[in-house]
Amino acid sequence: MSEQLGLGVLGFGTASYEITKGLHSEGVADIRVWKREPWSDEVQARADAAGVILCSEASQVTAASNIIVSLVAPTAAPDVARQACSGIAGKFYLDLNAASLKTKEAAAAVIQGGGGRFIDGAIMGPLKRQRHQVSTVISGEGAEELAGVLQGWGMDVRAIGTKVGLASTVKMIRSVYTKGLEAIVVEFMVAAHRYGATEQVFDSLEEILELGPFLLPFRQMVSELVLEQVEFAGRRATEMEQVVLTMEELGVDPLMARGTLQRLRWVADEIKLRDRFEGRTPSNYGEVLDAIESAAK
């Protein structure tokens, strides 16, 4: 496939603007972008800065491009795919929306029904700082081929498999950790600030992070934390009950702490994870996860 193929983008929000502006700096010309009218002066100025040609219909983008990138509101992805599927046969359709698995599958069905080559994608880094060079993973039939083309445009794109939904689902699952960590930090820092113990909490956390599993490589750390659920989930749930009470006494709604308590109680009391191993220590984290999955069915 030639690296000179036309590029079209559906949507012109922040993500689309940053990516197209970066690609324009790489010399990628004649990028068509679909944006619902009316176009404000600000939209026109951003289009000029990004070097893109605005189109009032999604089908105009499809007609003029061989690679179409969807960057719209996640819930709108299937409907936008329907608007763009005319003339999609044989063309790449890269859905970079941060959407759920079922939403991606719905958009894929539309594009594949029109003969297009649907590729699922997920942006994994700080887009505003890295623009088109932001780390991105893609999956689907032809993902390796498309990755090669986009890499030729200076993009940091990596194919991770052929299954539609793999890339975006990896991002969604990863966000349980990354976005959850953000929410946990906000919750405990609000409580620490309210009680006037910010520095003492910092000192305590720095100390614990220099001990135990937190010094291990990430994979090993996660493995140990999963293995420890067999023996310690019940004890930790009991402690979290007191954590929830403390947060409430400080006047902080313990959304994250309460969720942690509920998960630990589920592991310890509802599925009785410890009883499933009958005093035996599991050999690896996969064995624990298999037991949890079996119990959850």
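The first residue in the sequence is number 1, and the count goes up from there.
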> Where the side chain of S70 meets the backbone of D95, is there a donor-acceptor pair that is under 3.5 Å apart?
Replying inline: no
>> With a 3.5 Å distance limit and no angle check, can you tell me whether T169 reaches the backbone of G165 through a side-chain donor-acceptor pair?
In response: yes
Testing the basics here: between [X] and [Y], what is the closest heavy-atom pair and its distance to 0.1 Å?
| X | Y | result |
| --- | --- | --- |
| A192 | V201 | CB-CG2, 3.8 Å |
| H24 | A50 | CB-O, 3.1 Å |
| L273 | A291 | CD1-CB, 4.0 Å |
| G142 | R117 | CA-NH2, 3.9 Å |
| G161 | L166 | CA-CD2, 4.0 Å |
| Q60 | C55 | OE1-CB, 3.4 Å |

> Do we see a donor-acceptor contact under 3.5 Å between the side chains of D120 and S168?
Replying inline: yes
> S59 and T62: side-chain donor and acceptor closer than 3.5 Å?
Replying inline: no
>> Side-chain heavy atoms under 4.5 Å apart, restricted to Ile/Leu/Val/Met/Phe/Trp/Tyr: what other residues fall into the cluster of I88, or is it alone?
In response: L10, W34, V61, I68, V72, V80, Y93, I111, F118, V164
>> Can you pull out every side-chain hydrogen bond (donor to acceptor under 3.5 Å, both in side chains) where at least one residue sits in residues 281-290? Sequence neighbours excluded, please.
In response: R280-E287, S283-E287
>> Under the side-chain hydrogen bond (donor to acceptor under 3.5 Å, both in side chains) definition, can you give me all pairs with a residue in residues 187-198, not counting sequence neighbours?
In response: none
> side-chain contact (heavy atoms from CB on, under 4.5 Å) with V33: which of L7, L71, V52?
Replying inline: V52
> Are there more than 12 heavy atoms of other residues, nucleotides or ligands under 6.0 Å from atom CD of E239?
Replying inline: no
>> Within the supplied structure, the quantity of interest is the number of heavy atoms (other residues, nucleotides, ligands) at a distance under 6.0 Å from E37 CD; does it exceed 12?
In response: yes
>> Is there a path of hydrophobic side-chain contacts, each under 4.5 Å between heavy atoms, that joins V137 and V157?
In response: no
>> Check for me whether the distance between the ring centres of F202 and F188 falls short of 6.0 Å.
In response: no
> Under the side-chain contact (heavy atoms from CB on, under 4.5 Å) test, which residues partner Q220, sequence neighbours left out?
Replying inline: L216, P217, E224
> How would you list all residue pairs meeting salt bridge (Lys or Arg N to Asp or Glu O under 4.0 Å) that involve residues 157-179, not counting sequence neighbours?
Replying inline: none
> Which residue pairs satisfy the salt bridge (Lys or Arg N to Asp or Glu O under 4.0 Å) criterion with at least one member in residues 43-57, sequence neighbours excluded?
Replying inline: none
>> Between E18 and R131, does any side-chain N to carboxylate O distance fall below 4.0 Å?
In response: yes
> Do I31 and I53 pass the side chain to side chain contact (heavy atoms under 4.5 Å, CB included) test, and can you show the C-alpha distance, the side-chain angles, and the key distance before you say yes or no?
Replying inline: CA-CA 6 Å; I31 303 173; I53 301 168; over 6 Å; no
